[in-house]
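Structure record follows, encoded as structure tokens.
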Amino acid sequence: MTELELIKSTKERLLVSVDEADANVDARELVRFADGDLEKLENAITRRLLGEPLQYIIGEWDFYNCNFRVGEGVLIPRPETELLVDKALEFLGTLNGSNDDGGELANYLYNVVYGKRVRGTYVAEHETVDAKVLDLCSGSGCIAVSIAKNIVDTLPGTKVFAVEKSPVAFEYLKQNIALNRVQRYVVPFCDDVLSGCTNLLGSAKGQFDLVVSNPPYVRSAECEVLQTEVMHEPRLALDGGADGLIFYRAIAERWLSLLKPGGLLLLECGEDQAGDIKAILDATSCGEVEIFDDFAGISRVVALKMY
Ligand code: GLN
């Protein structure tokens, strides 16, 4: 059978439970993944027919201009999240860089994460820190890594701190940092955004240029009735509490004060949440709030520019 025939027959079989639009892409990806091994293809088709997401089966997915390892226990990067990265890079591009503390805070935080046994320092003495970025609920690291990867030519002293609570997702985060060769720029923390991170919160007030997050935002009740594929994804990465807004309140209360004057907060949100999140941020009186639409015309990112 030629590769084309194999793709066609795979597509036919997928159509039993996968819709037409997805079946085309899925068939091509699965055949590419099996790479001529028919048993591997058979196994992959079975898993897909049982509702497992394509991305978990092939174990990787592209986001922005980077590639990420994914699997059970970590949220799959979504195309709409690229808007948040666009806005982050746009903002970082306006910074002049080299206006910082020479890496003192970055070194301190690095030691907090890795302990004092680390030999030397994270940021060398002669190196300046151009921009400090914080990514909350980092998951696979798709936001933190693609920001780092795309800004370091302009601001080579950028440091991105990525916080993720789930130990399973945290392993993917570390792996994706290494895979995309941004170890010098991205520091992963395994901690809880809602109640943890006390060292970081206590020592970094007014220090960050940019805080970004795509937190869990699905309402708890809606988590019970998601699409089959999404049901395979970790509830921890989806469930934003009864009204889906727990993380936005926590970010406004606990994390906003880490931004410098003129710093930017960028939050991804669900389809009908931008208005509520704007209200939460407006109530802080910390800055100007703006909403941005994604490629599908959905209000997807809420931004706050600190006064
Ligand atoms: N966008 C995801 C969904 O489709 C939700 C991700 C999140 O909660 N941040 O369900």
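Both ligands and their constituent atoms are indexed starting at 1 by order of listing. Starting from 1, each residue takes its place in the sequence as its number.
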Near Pro216, which atoms of ligand 1 are under 4.0 Å from a heavy atom of that residue?
8 (O)

Please say which of Ile251, Leu75, Val193 ends up in a side chain to side chain contact (heavy atoms under 4.5 Å, CB included) with Cys137.
Val193

Could you identify the single nearest non-hydrogen protein atom to atom 1 (N) of ligand 1 and state the distance to 0.1 Å?
Tyr217 OH, 3.0 Å

Distance filter under 4.0 Å to Ala237 heavy atoms, resulting ligand 1 atoms:
7 (C), 8 (O)

Enumerated ligand 1 atoms positioned under 4.0 Å from heavy atoms of Leu238
5 (C), 8 (O), 10 (O)

Contact check, side chains of Ile147 and Asp135, non-hydrogen atoms, under 4.5 Å
no

Do Phe292 and Glu290 make a side-chain contact, defined as non-hydrogen atoms from C-beta onward lying under 4.5 Å apart?
yes

Of Leu238, Asp239, Ile246, the one forming a side chain to side chain contact (heavy atoms under 4.5 Å, CB included) with Ser220 is Asp239

Look at atom 10 (O) of ligand 1 and find which of Arg78, Glu80, Glu222 reaches it with the closest heavy atom.
Arg78

May I ask whether Gly270 has any heavy atom positioned less than 4.0 angstrom from an atom of ligand 1?
no

Compute the shortest N/O to N/O distance between Pro215 and ligand 1 and return yes if it is under 3.5 Å, no if not.
yes

Ignoring angles and geometry beyond distance, decide whether Glu268 reaches within less than 3.5 Å of ligand 1 through its nitrogen or oxygen atoms.
no

cation_pi(Lys165, Phe170) dist<6.0 Å, angle<=45:
no

Side-chain heavy atoms of Phe247 within contact of Leu136, under 4.5 Å
no

